Number of protein chains: 2
Amino acid sequence: MFKALADPTRRILLDELTERDGQTLFELCGRLATKHGSSSSRQAISQHLDVLEAAGLVVTRRDGRYKFHHIDTDPLRPIVARWLGDEPGG
Amino acid sequence: MFKALADPTRRILLDELTERDGQTLFELCGRLATKHGSSSSRQAISQHLDVLEAAGLVVTRRDGRYKFHHIDTDPLRPIVARWLGDEPGG
DNA sequence: TGGACAGGCAAGTGGCTGCTTGCCTATAGT
DNA sequence: ACTATAGGCAAGCAGCCACTTGCCTGTCCA
């Protein structure tokens with residue numbers, strides 16, 4: 001799961017899904033190319049999304065020929081509390 | 001910084017420093033071999049500590065021929081809030 | 001001053017990872 | 001049925017990363 005966060009492109013994908021949840025692959029491709037100047041191909045982004053889904057950070061929902069990607073931040077919460085000692089307030 | 005967390009050995013090192021702060025390289029080597037069954041060599045662990053230090057997660061303090069490693073959890077706090085939307089209570 | 005201990009630097013190597021390339025499946029519109 | 005769109009699968013390649021190996025510097029103790 002930590003490895004899923006290690007890649008900058010994947011973090012940008014999470015940023016995009018945070019800003020606008022439920023985007024399709026092609027939408028994310030366009031967003032990354034336009035807003036972030038990323039030159040990643042469709043396959044590259046698709047594979048990144050696979051990694052994020054395998055890590056549980058992204059859940060997908062199919063509707064016809066579209067596949068919508070939704071962010072799931074639940075796995076993110078305990079990963080840092082491991083070393084912060086479960087102090088929620090900081 | 002995320003890449004620093006991507007390696008399991010480095011996460012174990014942070015675990016060790018959380019449990020007992022200010023350990024030397026040789027102490028950490030012994031701990032990892034004994035408690036975690038890690039077969040990492042001294043150089044490997046030294047390089048991991050370098051990565052953690054470069055990421056700002058570990059600060060070092062020299063005292064004679066000893067070098068003590070201290071964990072710094074401050075960089076950990078904002079990294080997840082990026083996607084959690086700064087909700088401290090969860 | 002010499003030896004043991006704690007740590008560092010640099011080159012080399014194997015495996016993993018991210019990306020590309022090429023082709024394929026499935027749905028929507030006409 | 002035909003075409004365009006949205007997405008998937010698999011092989012191959014290049015770069016990076018973790019690890020090893022070998023040697024070196026600096027510090028404590030007798």
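Since the model is a prediction, treat every value here as computed from it, not as a measurement.
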For every nucleotide of nucleotides 25-30 of chain D, 5' to 3': is a protein heavy atom under 4.0 Å from its base (B), only from its sugar-phosphate (S), or from neither (-)? --BS--
Salt bridge flag under 4.0 Å for residues A/Glu16 and A/Arg11: no
Interface residues of residues 47-61 of chain B with DNA chain D (non-hydrogen, below 4.0 angstrom): B/Gln47, B/His48
With a 3.5 Å cut-off and just heavy-atom distances, do the side chain of A/Gln43 and the base of D/dG7 make a donor-acceptor pair? no
Earlier contact from the 5' end, DNA chain C, for A/Ser39 and B/His69: B/His69
Would you mind reading off the distance between A/Leu25 atom CG and D/dC9 atom P, rounded to a whole angstrom? 12 Å
Are any side-chain N or O atoms of A/His69 and backbone N or O atoms of A/Gln23, one a donor and one an acceptor, separated by less than 3.5 Å? yes
Please report, rounded to the nearest Å, how far the C1' atom of C/dT17 is from the CG atom of A/Leu5. 16 Å
Any B/Ser41 side-chain N or O less than 4.0 Å from OP1/OP2 of D/dT20: yes
Rounded to 10 degrees, the angle between the two terminal axes of the helix from C/dT1-D/dA30 to C/dT30-D/dA1, each from five pairs: 30°
Between A/Arg62 and C/dT27, is there a contact of a side-chain N or O with OP1 or OP2 at under 4.0 Å? no
Counting only N and O atoms by type, is there a donor-acceptor contact under 3.5 Å from the side chain of A/Asp7 to the main-chain atoms of A/His48? no
Taking CZ from A/Phe26 and P from C/dT27, how many angstroms apart are they, rounded to a whole number? 16 Å
Side-chain heavy atoms of B/Glu19 within contact of B/Lys35, under 4.5 Å: yes
Could you state the CD-C1' distance from A/Glu27 to D/dG7, rounded to the nearest angstrom? 14 Å
For A/Lys67, does its backbone N or O pair with a side-chain atom of A/Arg62 as donor and acceptor, under 3.5 Å? no
In whole Å, what is the span from the CG atom of A/Asp7 to the P atom of D/dC16? 13 Å
Any non-hydrogen side-chain atom of B/Phe68 less than 4.5 Å from a side-chain atom of B/Thr60? no
Earlier contact from the 5' end, DNA chain C, for B/Lys67 and A/Ala6: B/Lys67
B/Lys3 backbone acceptor or donor facing B/Arg10 side chain under 3.5 Å: yes
Protein-nucleotide distance (B/Arg42, atom CZ; D/dA18, atom P), rounded to Å: 18 Å
With a 4.5 Å heavy-atom cut-off, do B/Ile79 and B/Met1 have their side chains touching? yes
Could you tell me whether the phosphate oxygens of C/dG7, OP1 or OP2, come under 4.0 Å of any side-chain nitrogen or oxygen in B/Ser46? no
Does the A/Thr73 side chain pair with the main chain of A/Leu76, one donor and one acceptor, at a distance under 3.5 Å? no
